[in-house]
Novice: 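Let me begin by handing over the structure; questions about it come next.
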Amino acid sequence: MTTVLHLDEIRRLVRIPDLIREVEAGFVAYSEGRVDVPPVGFLHFEQPPGDVHIKYGAISGDEHYVVKLASAFYDNPKQNLSASNGLILLFSQKTGELKRILLDECWLTDMRTAAAGAVAAMHLAPEQVRCIGIIGTGVQARLQLQLLRDVVDCDRCLVWGRNPARTQQMIEELQSDEAMRDWNLQIDVAENIDDLVSSCNLIVTTTPAKKPLIRADRVQAGTHITAMGSDDHGKQELESGLLAKADRIIADSIAQCIDHGECCAAIRDKLIEADTIVELGDVIKNSNLGRFDESQITIADLTGVAVQDIQIAKLVERALSAAGVTGEGV
């Protein structure tokens, strides 16, 4: 029987340390060629503006395969609605039966995306992080910082957003979060992006920008940047010259990143070649492929891969079984 899990039930089943480990293992499986991940499906809407991403795939030998839909409708907050929504469908690899509907309202997508940022920082951030920089003020900006708590030792953070009021609100909400208070992290507003980039050596970009935000000449030696926002055609957060300047360019999926990530823009501008890009799963297996010198500039181009959705769905399924929860039948 197909059963449905709702967001409140799903939230109780996900532990952050377990999630980070699962996403890390998923990247390794992907880079080893053990995952069938077809190209991402996209739907775009203009009035009102919105995007829908359809990702699906299977790991060889697993019990299930996964289909995920995640949407962002950018005018929704004007109607007091969440900008994001979505669900994950879990099917049997043996029979094709739909086993579970995870009505997560895009929460699982947000969490697995933040976990990918944590994995990138684990393997690529400088040993001494003097200041974390967060560019953006949406859900992903907050989650990226919250999950870095488990993998980075740092006591200062700068945040930049286009809307100063929203930036300040985000900082106040983070400072009031009990888990963040335990981190003892000082969070301040950056007056502008150049100031943030000059002050921070671990930077995460989380915006839907279509014009570059970070200039190559502002990035200091020894900086790691995780770029999360270019998950669709036409988006770009980093100046193409910055990728040419980097010592290491790491992609969650080379195939996806040269199609619609930061790498896509740099290749289009003839500033890098595809064969200079390394996959994150390979870096996890072999640290020599990533940062090996504290003066290096490293960039992780993360477009979001279906293996992350597979891994977080499997995590929920195992926790569900352990808890003895069945969900609502349909």
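Along the sequence shown, residues are numbered consecutively beginning with 1.
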Novice: In plain terms, say whether E9 and R11 are close enough for a salt bridge, that is, a side-chain N and a carboxylate O under 4.0 Å apart.
Specialist: no
Novice: Check for a donor-acceptor pair, side chain of D259 on one end and backbone N or O of I254 on the other, with a separation under 3.5 Å.
Specialist: no
Novice: Flag the pair P38 / Y56 as yes when at least one side-chain heavy-atom distance between them is below 4.5 Å, and no otherwise.
Specialist: yes
Novice: So, do V307 and I59 sit near enough that their side-chain heavy atoms are less than 4.5 Å apart?
Specialist: yes
Novice: Can you tell me how the ring of H53 sits relative to the ring of F42, calling it parallel under 30°, perpendicular over 60° and tilted otherwise?
Specialist: perpendicular
Novice: Between E24 and H123, do the side chains contain a donor N or O and an acceptor N or O under 3.5 Å apart?
Specialist: yes
Novice: Is the shortest side-chain N to carboxylate O distance from K314 to E22 below 4.0 Å?
Specialist: no
Novice: Heavy-atom count check: over 12 atoms from other residues, nucleotides or ligands less than 6.0 Å from R268 CZ?
Specialist: yes
Novice: Taking V52 as the starting point, is it possible to reach V67 by hopping between hydrophobic residues whose side chains are less than 4.5 Å apart?
Specialist: yes
Novice: Between V37 and I284, is there a shared hydrophobic cluster once you connect ILVMFWY residues whose side-chain heavy atoms come closer than 4.5 Å?
Specialist: yes
Novice: Consider only side-chain N and O atoms of D252 and T303, and report whether a donor and an acceptor are under 3.5 Å apart.
Specialist: yes
Novice: Which is it for D301 and S230 under the side-chain hydrogen bond (donor to acceptor under 3.5 Å, both in side chains) test, yes or no, and what are the steps along the way?
Specialist: CA-CA 8 Å; D301 185 8; S230 296; 5.7 Å; no
Novice: Assigning hydrophobic clusters by single linkage (Ile, Leu, Val, Met, Phe, Trp, Tyr; side-chain heavy-atom cutoff under 4.5 Å), is I297 placed with M122?
Specialist: no
Novice: Under a 4.0 Å N-O cut-off, is there an ion pair linking D232 with K235?
Specialist: no
Novice: Between K285 and E279, is there a side-chain N and carboxylate O pair less than 4.0 Å apart?
Specialist: no
